[in-house]
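One structure is given here, and the rest of the page talks about it.
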Amino acid sequence: ASAAAASPTASASSAPPPAIGVDAASSQAEAKKTDRLDYSRFKGIGENCKAERAQTGDVTWDDLSKDEKAEVWKYEDQMEALLDKKREEEDAWRRQLKETPSDLSWVQGRHFSSYEAFCVGRVEATLKKSGNEAFKRGEFDQARHDWEGGVQMLLGLGTLTPEAIALLCVIRNNLAQLAVKRQEWNKVKELTDKIIDQEPTNEKALYRRAQAFFAFSIWDKCERDLDLLLKHHSGNKDASLMLQQVHRKLGKDRRTLGGKAVNDIAAGMEELCPDGTVRKLRIEEYGEGDPDEKPQWIQQEWLGKGREKVVVTCQMIIWSHGGEELYNSKEYRPRPDTKQGRDELKEYMEMVNFLDQEAKKAPRLVGDFYRKVKKRPVRWYLGDPGMYKGFDLAVRSMKPTERALFEIDQPALSPSVEKYYEKVGFHSGIAGLPQLVYHIEEERLAILEDEVPEDELDLDSKTQRGVRAELHLMGYVIFKDVSPDGDGSKLHSVLHPGLPDAPVIRKGDHLRGSFFITRPFDGSLLVQNQYVEWRLGYDEGLYDKVSDDKQPLRPDGGAFVPKCVGQAILEVDWAELRAGALIEVRLRSGPELYEIAPQYAKQFEKARREAHKKGRKGGAMCSILVQVFPPGFPSDEQTDLQTGTVVDESVPQDMDVD
């Protein structure tokens, strides 16, 4: 500064800019240079564009197109019409209130200590009363409507007071009486069960439930309800008369069974085999016909060598005597195949069991931890040498739609079919029979077999002899026995001949249909095609190559059709088949594997030759179901049907069993 002041040339105009301005600019540049945040991802956010407003719902009227505005006006008109209708209904309701004011006389002179008491009084004085009056007039639908409204109002209280429970039982008794008039016995039992849960000695509920049991012919339960009723209400004459009828029924059953039953077959025992290996314990649900009469649907010619056989369809659940479920035709629970899967299952079981113990819950069975897979009912013809003798005898003692409980010992299970399957050269599991040689805690032992040596498991001491089985006879179908000797080796049935107006099926016709080849007993799928087109009598058995999705194809590119499918149609000479027909063939010696799944021919050629050397020709037992579609099926909307001959990958494993 002193040098500048001393210099004669120094002036204000030539002085440098203030130092503070230079420092600010340099500091801003340095800050911008050192800022490492990237703000580019925020670019465009908050901009006022139509697309962004559409996403956030902030669209303005000017943003809408002409069609969109017309749509808004349309819905606005609909909303206005709906509001006008509601206004009219409200006005009509108000006029009705003025013309017919509510009857509040039931409130006068009464004091209610709580809202619950008010609701009970209201239901009793209005809905119950109006229902009773409608019932007396014969207006049963109105009575039911009023009574059910009263039940719903009481249940809406949540925790019920003793007064509410008493009124609820009264109204349900009224509904049960209405169901008795209409003979809706399932409804009667459902209503009376709820009443008896609350009031175990309710006279009307016990009597009406006894009426339901009487209608179902469940004599032991009917007798039990009537005994309890008369114990507490000895003056009930109707109950006494019904009990006398029940005793007469039970007397008939005792004479029928030679005194073996105590309270009807439903609570007694019937020996179905001279050696005592098959026993009928009780009937869970009675079937068709008079419960006092023996089954009369079986014809003796069906049981021997003849030209007709009867194929039964039966649901069955089989337990060990310890209560473990061994087989269920409705569903099954596959066990993990690998050791890792079993280890994971054991770890999960231990965790759940620990939590159950902490919650003080009952322990679970091993089967409760498996996933469930749906199955099909079991089917066989009566007298089939490949079916366990115990099940065959059990079904002969049943009526159609009957459900009953049996005990069957081992001699009537696997030992009864061993010689037969040794003769045909196949294992019974291939035919779909349940394997019922089991051990105590079968499933738990299967889980432990990875850790405990077999000698320590001591399986011989844990082997059990018999099983307990629940059978439900769903129905039966008569088949023609077309085998040369009438021994049931080939059965044929036309389940449906087709539509009357449809064209007759002849050789050379172009057909559209589906086929399913299954195991004969449990219906396990071997080969299927839900939609296939072919020329009858010419395209069957033609095989060229495998498609990209590993399905066999014909030379013309169509799906492969086994020869047995065409034969099932062409061999029907006792009926005229038309489009829409459904045919089933049951073979004791079915087609070989290469005939239904030619893509496996090379893989199993060696096994086939060895089987032929042993004198075994043909494949295992099977059922062939063929459906010929009627004209116009499937429609364009039904194009999701699976096409291509689908082969179950378990077939090679099953066929490999010797």
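Keep in mind that what you see is a predicted model, and the values were worked out from it rather than measured.
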Decide if the gap between the ring center of Y476 and the ring center of W297 is smaller than 6.0 angstrom.
yes
Output the distance between atom CG (L413) and atom CD (E418), rounded to the nearest 0.5 Å.
10.5 Å
Just wondering, do T277 and I408 contact through their side chains at under 4.5 Å, heavy atoms?
no
Quick one: does F479's side chain get under 4.5 Å of R586's, heavy atoms only?
yes
Nearest-0.5 Å distance, CG of residue D392 to CE of residue M387
7.5 Å
If you measure from the Lys or Arg side-chain nitrogens to the Asp or Glu carboxylate oxygens, is any gap between R279 and D409 under 4.0 Å?
yes
Which residue in the set E470, E402, E407 passes salt bridge (charged side-chain N to carboxylate O under 4.0 Å, His left out) when paired with K280?
E402
Looking only at heavy atoms, which two atoms of W380 and F391 are closest? And how far apart?
CZ2-O, 3.7 Å
For the OG atom of S416 and the NZ atom of K389, what is their distance to the nearest 0.5 Å?
7.5 Å
Under a 4.5 Å cut-off applied to non-hydrogen side-chain atoms, are V532 and F515 in contact?
yes
How long is the gap from CD on Q528 to OG on S514, to the nearest 0.5 Å?
9.0 Å
Between Y286 and E284, is a side chain to side chain donor-acceptor pair (under 3.5 Å) present by the stated rule, with each step listed?
CA-CA 7 Å; Y286 282 84; E284 301 285 353; over 6 Å; no
If the threshold is 4.0 Å, N to carboxylate O, is there a salt bridge linking E223 and K221?
no
Side-chain contact test, heavy atoms from C-beta onward, threshold under 4.5 Å: evaluate it for Y600 versus L593 and give yes or no.
yes
What are the two closest heavy atoms between T401 and G287, and how far apart are they?
OG1-CA, 3.3 Å
Less than 4.0 angstrom from a charged side-chain N to a carboxylate O is my criterion; do E584 and R379 meet it?
yes
What I'd like to find out is whether the side chain of F406 reaches to under 4.5 Å of the side chain of S397, using heavy atoms alone.
yes
Once rounded to the nearest 0.5 Å, what's the spacing between atom OG of S483 and atom CZ of R588?
7.5 Å
Separation between NZ of K490 and CD of E571, rounded to the nearest 0.5 Å:
3.5 Å
Taking the side chain as every heavy atom from C-beta outward, state whether D220 and F213 have any pair of such atoms under 4.5 Å apart.
no
Please report whether the ring centroid of F214 lies less than 6.0 Å from that of W219.
yes
Is the terminal nitrogen or CZ of K507 (NZ for Lys, CZ for Arg) located under 6.0 angstrom from the six-membered ring centre of Y538 and within 45° of that ring's axis?
yes
Is any side-chain heavy atom of F516 closer than 4.5 Å to a side-chain heavy atom of L525?
yes
In plain terms, say whether K305 and D487 are close enough for a salt bridge, that is, a side-chain N and a carboxylate O under 4.0 Å apart.
no
For residues Q315 and M474, determine if any side-chain heavy atom of one lies less than 4.5 Å from a side-chain heavy atom of the other.
yes
Would you kindly check if the NZ (Lys) or CZ (Arg) of K480 is within the cone defined by 45 degrees around the ring axis of W574 and under 6.0 Å from the six-membered ring centre?
yes
Among L536, D509, L577, I505, find the one that has a side chain to side chain contact (heavy atoms under 4.5 Å, CB included) with V628.
I505
Is the side chain of R307 donor-acceptor paired with the backbone N or O of D481 at a distance under 3.5 Å, no angle test?
yes
